[in-house]
There are 2 protein chains.
Amino acid sequence: MAGHRSAPQHRDPKDVPVETVFAALAEPVRLEIVRQLWASEDWARACGSFDVAVGKAGLSHHFGVLRDAGLVEQRDEGARRVNRLRREEVEAAFPGLWELVNRRR
Amino acid sequence: MAGHRSAPQHRDPKDVPVETVFAALAEPVRLEIVRQLWASEDWARACGSFDVAVGKAGLSHHFGVLRDAGLVEQRDEGARRVNRLRREEVEAAFPGLWELVNRRR
DNA sequence: CCGAGTGTACGACTTTCGTCGAACACTTCA
DNA sequence: TGAAGTGTTCGACGAAAGTCGTACACTCGG
């Protein structure tokens, strides 16, 4: 694994309150990560592959928030931790959310 | 007016970034206000008429945030300041947002 | 004109949040 | 085995956000 004692813990989008999702997406860095993830294939992007202005520690924190909000799923792949957006699950729990996220303004 | 030197200043939802809207709705008190407002007729509710656990000062602050996010419009009516949800404008700028807000989870 | 009612402005306080540096754990590759 | 790469955890720091009390401004009804 990539420096972790255990596999990442996920929360089902169905069990996440809307406030939590809104809070997760209200942060510029996290919103940017999600947008870049939207334009990528599932499991194609490792955590460190994102073009955002924040160090490793901060990045790790943000991914934790996105995970807790049920927006992102992570899996360990060798030394790296790869991500995927939970497109279907989130769309089912919060219909129209992805459209809002990707409607750049 | 109701203790104000000038009329409230509003921002067009079209000019508001999504992060700002998300941040406004990520706060429990504000989300509750918006939901109660959704179930009310336009201009029917004054600021002090909301059943939330916060004092006058905090309430005033929250309404300022909602205004800056383009979600709420305010108008002075005698000694009171009445509110309306900007349903159409917001729906046009952020389609599906109201559905998310009112999808209690 | 005075008192009650409504809401804002200001300042202070507390908590939360984003950030960083450093140490650590694990994998991969030479 | 050893070095490089990846990501987490911890502690600390500063900035931002929510809350409250107070003072103030304005309106309305006796």
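Lettering follows sequence order; numbering is per chain, from 1.
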Under 3.5 Å between N/O atoms: give me all the protein pairs with nucleotides 13-16 of chain D, atom names plus distance.
none

Discussion item. With salt bridge (charged side-chain N to carboxylate O under 4.0 Å, His left out) as the rule and sequence neighbours excluded, what pairs involving residues 20-32 of chain A come up?
Written reply: none

Worksheet item: According to the salt bridge (charged side-chain N to carboxylate O under 4.0 Å, His left out) rule, which pairs have a member within residues 85-97 of chain A, sequence neighbours left out?
Response: A/Asp42-A/Arg87, A/Arg84-A/Glu89, A/Arg86-A/Glu89

Round to a whole Å and report the spacing from [atom1] of [X] to [atom2] of [N].
| X | N | atom1 | atom2 | value |
| --- | --- | --- | --- | --- |
| A/Arg67 | D/dG7 | CZ | P | 13 Å |
| B/Phe63 | C/dT6 | CZ | P | 14 Å |
| B/Leu59 | C/dG5 | CG | P | 17 Å |
| A/Arg81 | C/dA25 | CZ | C1' | 12 Å |
| A/Arg75 | D/dG7 | CZ | P | 15 Å |
| A/Glu77 | C/dT28 | CD | P | 10 Å |
| A/Leu66 | D/dT8 | CG | C1' | 16 Å |
| B/Asp76 | C/dT8 | CG | P | 8 Å |

Practice prompt. Please collect all side chain to side chain donor-acceptor pair (under 3.5 Å) contacts where either partner lies in residues 46-59 of chain B, sequence neighbours excluded, each pair once.
Written response: B/Arg45-B/Ser49

Practice prompt. May I ask you to list the residues sharing a hydrophobic cluster with A/Val65, side-chain cutoff 4.5 Å, ordered by chain and number?
Written response: none

Worksheet item: Should A/Val82 and A/Leu66 be regarded as members of a common hydrophobic cluster, given that ILVMFWY residues are connected when their side-chain heavy atoms come within less than 4.5 Å of each other, either directly or indirectly?
Response: no

Discussion item. I'd like to check B/Arg67 versus B/Glu73 (side-chain heavy atoms, cut-off strictly below 4.5 Å). Are they in contact?
Written reply: no

Discussion item. Within the structure provided, determine whether B/Pro8 and B/Arg81 are in side-chain contact (heavy-atom separation under 4.5 Å).
Written reply: yes

Worksheet entry | Contact list for residues 65-90 of chain A, test ring pair (Phe, Tyr, Trp, His ring centres under 6.0 Å), sequence neighbours left out | none

Discussion item. Strictly by ring pair (Phe, Tyr, Trp, His ring centres under 6.0 Å), give each pair with a member in residues 59-89 of chain A just once, sequence neighbours left out.
Written reply: A/Phe50-A/Phe63

Expected rows: protein N/O vs nucleotides 18-23 of chain C N/O, under 3.5 Å:
unit_1, atom_1, unit_2, atom_2, d
C/dG18, OP1, A/Arg30, NH1, 3.2
C/dG18, OP1, A/Arg30, NH2, 2.7
C/dG18, OP2, A/His61, NE2, 3.1
C/dT19, OP2, A/His62, NE2, 2.5
C/dC20, OP2, A/Gly55, N, 3.0

Discussion item. Going by ring-ring contact (aromatic ring centres under 6.0 Å, His included), name the residues that satisfy it together with A/Trp38, two or more places apart in sequence or in a different chain.
Written reply: A/Trp98

Response to the item:
Note: contacts of residues 37-48 of chain B with DNA chain D (heavy atom, under 4.0 Å) are none

Worksheet item: Knowing that exactly one of B/Ile33, B/Leu37, B/Leu31 qualifies, which makes a side chain to side chain contact (heavy atoms under 4.5 Å, CB included) with B/Arg35?
Response: B/Leu31

Worksheet item: Checking A/Ser40 side chain against A/Gln36 main chain: does a donor-acceptor pair fall under 3.5 Å?
Response: yes

Response to the item:
Rounded to 10°, the angle between the first-five-pair and last-five-pair axes of the helix from C/dC1-D/dG30 to C/dA30-D/dT1 is 20°

Worksheet item: Among all residues two or more places apart in sequence or in another chain, which pass the side-chain contact (heavy atoms from CB on, under 4.5 Å) test with A/Ser60?
Response: none

